[in-house]
Amino acid sequence: MSICCGIPILESVYCLACARWVWLKCLYTAGRESENWGLATAEEFEPVPRFCRLILALYEEDLRNPLWAPLGGYGINPDWVILRKDYEETFGHVPPYMIYLDHDHSDIVLVVRGLNLAKESDYAVMLDNKLGQTKFDGGYVHNGLLKAAEWMFDAECEVLRELVMKYANYTLTFTGHSLGAGVVALLTLLVLQDLKKLGNIERKKIRCYATAPSRCMSLNLAVRYADVINSIVLQDDFLPRTTTALDNLFKSLFCLPCLLCIMCLKETCTLEENMLTDPRRLYAPGRLYHIIERKPFRFGRFPPVVKTAVPVDGRFEHIVLSCNITSDHAIIWIEREAQKAFDLMLEEDRTMEVPAKQRMERRKSLVREHSLEYEAALRRAIALDIHHAYSDSPYGTFTFTETEEGENSGRSNGETPCESLKRRTESWDDFVERLFDVDESGDMVFKK
């Protein structure tokens with residue numbers, strides 16, 4: 001009799017679980033992830049369309065006679081291409097890439113293209129990974145992408161070193177799409193760990209733009225290196241949200257609905273606290289730029305809006321069930337929407353008629369805002385007990401000398417944000433010790 005009485009309760013619990021699953025998976029939209037993020041500015045988003053065109057240029061056999069150039073062309077000078085390697089020269093260790101010397105923007109750019117569905121070597125790189133297989137700098141990274149990044153670093157270290165030494169005032173940028181985005185993200189980590197190989201280049205002169213990246217590093221690394229690495233995601237792109245093993249994903253292409261159903265059930269039954277505290281769970285790297293062009297429960301495309309943040313919890317945790325999850329991954333669509341979004345930002349600036357001096361001041365304030373947001377993300381990671389959530393460097397992607405002096409003047413003895421954060425944490429611990437005691441049962445009680 002008691003068992004029969006419990007059946008309605010079990011049915012109610014089951015119905016609530018199904019309703020929660022429907023809400024999280026069937027009614028979940030991409031805009032919910034970035035609804036509380038800030039809007040990106042034209043100053044920080046300006047390189048993104050340009051780097052997307054550089055990635056597209058890698059698909060051309062002859063840059064002087066392009067066949068698939070977007071509207072307005074690629075905007076590159078073929079004479080500035082230092083080197084270019086295809087699959088025969090990389091021996092399948094890494095997708096084709098090139099090094100481009102951009103004199104117009106004083107930038108040395110290493111560009112890596114995305115996954116080629118016809119090349120088994122690309123699949124071998126992407127699928128060479130197991131959960132928590134490879135440790136790196138206190139965290140975990142994708143094993144196959146790390147091997148590809150190590151091969152590329154060893155192969156092109158001397159070329160990059162010569163360019164960095166010859167053009168000392170130029171920045172060094174790594175950019176790629178999809179598989180290439182994961183490779184350049186981990187290549188950036190390798191470079192930052194061994195700056196001597198590139199002639200002791202300053203950290204603030206190194207940056208990375210990963211377009212539609214795969215999940216390639218643990219959460220602590222994704223937050224700690226957000227001062228250098230930037231990820232660009234278009235609306236419902238599936239790859240930055242894919243938490244399952246990629247080998248299972250590609251093996252299940254003919255039964256993708258079944259796989260998505262299993263993933264949805266698994267994520268629904270997994271607590272968010274367990275996701276965040278799992279040191280082996282991989283994430284999209286660095287600062288995130290989310291391009292929103294569609295609104296929930298509405299048809300058609302809208303003028304794209306770019307939102308940005310360094311999120312800790314809610315970092316593209318849920319797959320969006322949408323008919324655009326694969327098209328939003330295409331580099332050609334990302335380039336188009338990124339250019340539209342940038343044009344809208346410029347048009348808004350022209351409407352406001354911001355003087356050049358005020359634009360410089362706004363650029364400096366952007367550095368301060370990014371630095372504060374970066375420190376807030378580190379504090380949030382520490383509060384969530386994420387392992388090795390710290391940084392040894394101030395924010396470096398948009399650093400200027402005047403801004404550094406202004407920011408450092410507010411800290412005693414020129415301490416870094418990490419040191420300042422540790423000092424505040426230690427003072428809080430001392431404060432707690434002064435107010436509380438631990439009784440025999442291990443509970444904290446107020447001091448009398």
Side-chain angles (χ1 to χ4, degrees), residues 48 51-52 54-55 58 87 90 92-97 109-117 119-137 139-153 155-156 173-193 206-226 228-234 237-250 280-289 315-316 326 328-331 334:
V48 174
F51 292 145
C52 288
L54 278 176
I55 298 170
L58 272 174
Y87 285 104
T90 63
H93 292 287
V94 68
Y97 63 90
V109 190
L110 190 150
V111 191
V112 185
R113 59 165 283 179
L115 176 73
N116 188 342
L117 296 177
K119 289 292 182 179
E120 295 182 2
S121 58
D122 284 359
Y123 288 103
V125 173
M126 182 68 78
L127 304 182
D128 181 16
N129 184 61
K130 294 181 180 178
L131 186 62
Q133 180 177 352
T134 306
K135 289 185 177 181
F136 186 90
D137 192 21
Y140 292 88
V141 296
H142 190 287
N143 185 60
L145 297 178
L146 180 63
K147 289 181 179 178
E150 290 174 341
W151 186 91
M152 183 183 294
F153 192 31
E156 309 303 339
T173 302
F174 304 103
T175 185
H177 170 250
S178 188
L179 175 63
V183 173
V184 296
L186 297 187
L187 176 61
T188 305
L189 300 191
L190 294 173
V191 171
L192 294 175
Q193 289 292 312
I206 300 174
R207 55 183 181 172
C208 173
Y209 286 87
T211 307
S214 60
R215 293 191 165 214
C216 58
M217 61 182 66
S218 55
L219 185 57
N220 60 339
L221 296 177
V223 175
R224 283 165 48 194
Y225 288 93
V228 177
I229 302 177
N230 307 277
S231 292
I232 298 90
V233 179
L234 176 61
D237 190 357
F238 74 98
L239 193 58
R241 298 178 170 89
T242 302
T243 56
T244 187
L246 292 175
D247 53 350
N248 294 334
L249 178 66
F250 285 102
R280 300 183 178 185
R281 188 179 179 88
L282 303 183
Y283 291 83
R287 169 176 285 274
L288 299 178
Y289 289 90
R315 179 181 278 261
F316 292 149
T326 54
D328 285 345
H329 185 69
I331 182 61
I334 298 175

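Being a predicted model, the structure only gives us computed values, none of them experimental. Residue numbers run from 1 in the order of the sequence given.
Here the CZ atom belonging to Phe51 is positioned 9.5 Å from the OG1 atom belonging to Thr211, to the nearest 0.5 angstrom. For the atom pair CG (Asp128) and NZ (Lys147), the distance works out to 4.5 Å, reported to the nearest 0.5 Å. Distance check: Ser178 OG to Met126 CE gives 5.0 Å after rounding to the nearest 0.5 Å. Here the straight-line distance linking atom OG1 of Thr90 with atom CH2 of Trp151 works out to 5.5 Å at 0.5 Å rounding. Atoms CZ and OH, from Arg241 and Tyr283 in turn, are 14.5 Å apart once rounded to the nearest 0.5 Å. Going from atom CZ of Phe153 over to atom CG of Leu189 covers 11.5 Å, rounded to the nearest 0.5 Å.
At a threshold of 4.5 Å between non-hydrogen side-chain atoms, the residues Val183 and Met152 count as touching. A heavy-atom distance below 4.5 Å is found between the side chains of Pro213 and Pro240. Using a 4.5 Å heavy-atom cutoff, the side chains of Leu146 and Leu190 are in contact. At a threshold of 4.5 Å between non-hydrogen side-chain atoms, the residues Leu110 and Thr175 do not count as touching. Two residues are said to be in side-chain contact when any heavy atoms from C-beta on lie closer than 4.5 Å; Thr134 and Tyr140 fail this criterion. With contacts defined as side-chain heavy-atom distances shorter than 4.5 Å, the pair Val125/Val94 does not qualify.
Without hydrogens or angle criteria, Tyr225 side chain to Ala185 main chain gives no donor-acceptor distance under 3.5 Å. A donor-acceptor pair is defined here as one N or O able to donate and one able to accept, closer than 3.5 Å; no such pair exists between the side chain of Asn230 and the backbone of Tyr209. In this structure a side-chain-to-backbone donor-acceptor pair under 3.5 Å is missing from Arg215 to Ala284. Remark: side-chain polar atoms of Ser214 are not paired, donor with acceptor, to backbone N or O of Leu239 under 3.5 angstrom. Panel note: side chain His177, backbone Val111; no donor-acceptor pair is recorded below 3.5 Å.
Partners of Ser218 under the side-chain hydrogen bond (donor to acceptor under 3.5 Å, both in side chains) rule, at least two apart in sequence or in another chain, are Asn220.
Counting non-hydrogen atoms of other residues, nucleotides and ligands closer than 6.0 Å to CD of Glu120 gives a total of 12 or fewer.
Tested against Ile334, the residues Val48, Ile55, Leu234 include a single side-chain contact (heavy atoms from CB on, under 4.5 Å) partner, Leu234.
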Exercise. Decide yes or no on side chain to side chain contact (heavy atoms under 4.5 Å, CB included) for Tyr97 and Arg113, but give the supporting numbers first.
Key: CA-CA 6 Å; Tyr97 63 90; Arg113 59 165 283 179; over 6 Å; no

Exercise. Take Val109 and Phe174 through the test side chain to side chain contact (heavy atoms under 4.5 Å, CB included) and record every step on the way to the result.
Key: CA-CA 6 Å; Val109 190; Phe174 304 103; over 6 Å; no

Quiz prompt | Intermediate values then yes/no, side-chain hydrogen bond (donor to acceptor under 3.5 Å, both in side chains), Asn143 and Asn129 | solution = CA-CA 5 Å; Asn143 185 60; Asn129 184 61; 6.0 Å; no

Self-check item: Full working for side chain to side chain contact (heavy atoms under 4.5 Å, CB included) between Glu150 and Leu186
Solution: CA-CA 9 Å; Glu150 290 174 341; Leu186 297 187; over 6 Å; no

Practice problem: Given side chain to side chain contact (heavy atoms under 4.5 Å, CB included), test Leu179 with Leu145 step by step and report yes or no. | Solution: CA-CA 8 Å; Leu179 175 63; Leu145 297 178; 3.3 Å; yes

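Here the closest heavy-atom approach between residue Pro96 and residue Tyr87 is recorded as CD-CZ, 3.3 Å.
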